[in-house]
Amino acid sequence: MTPAEVLGARVLDPFCANGVLATIHELADASHSKPIADLIAEGRWRAELLLTLGRSAPPRYANFIGRFRDDPDASVRQAVAVALGRIENAAVSVPLLIHLLARGEGIQDFPVKWGAAGSLVALARRGRADGVRRRLLELFHDTNAMTVALAARALAGTGDARGLVKLRELTAHGEPRVRQEALLALGEAADRGARAEVTRRLKDENLAVRACAVYALARIGGPAAVPVLRTAIDQALDEDRALERRKQGGEDPRALDAKYGRGEFDLRETLQEAIAAATTGRP
């Protein structure tokens, strides 16, 4: 995997394995809302049909979608987060999405938080920016650093530079996962103001963070950054080989991998993608 592939894999698409549900999703309109809601209530194809309801149902169905925010199935909770960003009822959707973004700390909760953040951006771009920005800024005080990172990414996505400022700060956070998310977001935004912070992370002790910094700098620096990217990956590969020698010397492989992010990304493939992005301007 590469950082770009990780971002691409986060797009929710539950219809690829079910052509019938995909067709229903494309063809459904407001007149189908009641039978779709009935199927959801029965527990049938809940995640898929919640997305369909979000796309096609009248605004009042935002309350119905929100009922499933505590579903034991994480894929259903993720669908709720995405569907609430599609239905036209910001008064109901925004508080529910803020709740979904702020809750949960485990890996299983991340897709829900990610979906909620993306939906808040979508609502802001459709004319609810001030209210969404205010609520996202409030989350900067949350005790969960990943929540802060995703809130900052969403705020930046609304066009508010305060989100980028917070993301730059988070590139030096103590948790590697938070540093990674901040770098991925800065790369997506091609934030030229973050060049110094991103460049510092090219020598991060965590190899996965370094890979995300390479991804980000490619989009920020353009063709001029290519020599720096090559050097950064060469150094990361040297570090990777040194860690392998430490494993062979008897150190705990799992502990080393966890601490240094070894094996999370294919460093050589990350470099090739980064060079392509830097030289063409496309992800």
Any donor-acceptor pair under 3.5 Å linking the side chain of [X] with the backbone of [Y]?
X	Y	result
S93	L84	yes
Q272	E269	no
S119	A81	yes
R69	L100	no
R210	D204	yes
R126	G85	yes
R133	D130	no
R46	D73	no
R135	G131	no
R86	T52	no

Test of understanding: clusters of I, L, V, M, F, W, Y form through side-chain heavy atoms closer than 4.5 Å, transitively. Do [X] and [Y] belong to the same one?
X	Y	value
L97	V121	no
V178	L167	no
V209	V148	no
L271	L207	no

Heavy-atom pair of closest approach, residues [X] and [Y]:
X	Y	result
V92	A62	CG1-CB, 3.8 Å
R77	D71	NH1-O, 2.7 Å
P223	P227	O-CD, 4.1 Å
L50	V76	CD1-CG1, 3.7 Å
A278	L229	CB-CD1, 4.4 Å
R219	A4	NH2-CB, 4.4 Å

Could you measure the distance from the [atom1] atom of [X] to the [atom2] atom of [Y]? Nearest 0.5 Å is fine.
X	Y	atom1	atom2	result
R10	L184	CZ	CG	6.0 Å
R241	L243	CZ	CG	11.0 Å
R179	R201	CZ	CZ	6.0 Å
N89	L96	CG	CG	9.5 Å
L53	I36	CG	CD1	6.0 Å
L39	I24	CG	CD1	8.0 Å

Sidechain N-carboxylate O distance under 4.0 Å for [X], [Y]:
X	Y	answer
R162	D160	yes
R103	D70	yes
E181	K113	no
R230	D234	no
D252	K247	no

Just so I know, are the side chains of [X] and [Y] near enough to count as touching, which here means a heavy-atom distance under 4.5 Å?
X	Y	result
L21	W45	yes
E264	M1	no
Y215	E188	yes
E197	E169	no
Y260	D240	no
I98	E138	no
L155	F140	yes
V6	F265	yes

Atom CZ of R192 with >12 non-hydrogen neighbours under 6.0 angstrom =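 Not buried by this count: 12 neighbours or fewer within 6.0 Å.
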
Got more than 12 heavy atoms from elsewhere within 6.0 Å of CZ, R177?
->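 Atom CZ in R177 is not packed in, count stays at 12 or less.
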
